[in-house]
Amino acid sequence: MKTISLLIPVYNEELSIPILYKEISKIIMGESTYDWEILFVNDGSHDNTINIIKQLRAEDKRVCYIDLSRNFGKESAMLAGFDYVR
């Protein structure tokens, strides 16, 4: 089965990640033709972003993440994600 990977760079997004995840889940739950991967790249957030992503990962194995050591910018975060995405 083919996999669709969603690569999402995030920076200080603790409030929006649950909303985004809920909306993405609505779409992928109805689409069983593909395997899905949601790869969040935490770009050095200073808030609770990474903990929210880890909680989502514990509940849904389609959620993956990369936690960068500091803020490198969205372009670098995307490039890091390209190295790890399935």
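FYI, the numbering just counts along the sequence from 1.
- In the hydrophobic clustering of this structure, I8 does not group with V85; members are Ile, Leu, Val, Met, Phe, Trp, Tyr whose side-chain heavy atoms approach within less than 4.5 Å, directly or through other members.
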Only pairs under 3.5 Å count here: list side-chain donor-acceptor contacts from residues 70-79, not counting sequence neighbours, and write none if there are none.
| residue | atom | partner | partner atom | Å |
| --- | --- | --- | --- | --- |
| N71 | ND2 | D43 | O | 3.0 |
| N71 | ND2 | D43 | OD2 | 3.2 |

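- Here the side chains of D35 and I4 are not in contact, with every heavy-atom distance at 4.5 Å or above.
- Each of V41, I66, I38 was checked for a side-chain contact (heavy atoms from CB on, under 4.5 Å) with L7, and the lone residue meeting it is V41.
- Under a 3.5 Å cut-off, the side chain of T49 and the backbone N or O of E13 do form a donor-acceptor pair.
- Among all heavy-atom pairs drawn from C64 and E37, the shortest one is SG-OE2, 3.9 Å.
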For this session: Give the intermediate values and the outcome of side-chain contact (heavy atoms from CB on, under 4.5 Å) for residues R62 and I28.
Result: CA-CA 10 Å; R62 295 173 299 190; I28 66 178; 3.4 Å; yes

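- Looking at heavy atoms from C-beta onward, F40 lies in side-chain contact with I17 at the 4.5 angstrom threshold.
- Nearest heavy atoms, H46 versus N12: N-OD1, 2.6 Å.
- Looking only at side-chain heavy atoms (C-beta outward), L20 and V10 stay at 4.5 Å or farther from each other.
- Residue pairs meeting the side-chain hydrogen bond (donor to acceptor under 3.5 Å, both in side chains) criterion with at least one member in residues 17-28, sequence neighbours excluded, are Y21-D60, E23-K26.
- How far OH of Y65 is from CG of N42: 10.0 Å, rounded to the nearest 0.5 Å.
- Not counting sequence neighbours, the partners of N48 by the side chain to side chain contact (heavy atoms under 4.5 Å, CB included) test are E14, N51, I52.
- Across every non-hydrogen atom of G81 and L39, the tightest pair is O-CD2, 3.6 Å.
- Without hydrogens or angle criteria, W36 side chain to M29 main chain gives no donor-acceptor distance under 3.5 Å.
- In plain terms, the two heavy atoms of S45 and Y11 that are nearest each other are OG-CA, 3.3 Å.
- Atom CZ of residue F82 and atom OG of residue S5 lie 11.0 Å apart, to the nearest 0.5 angstrom.
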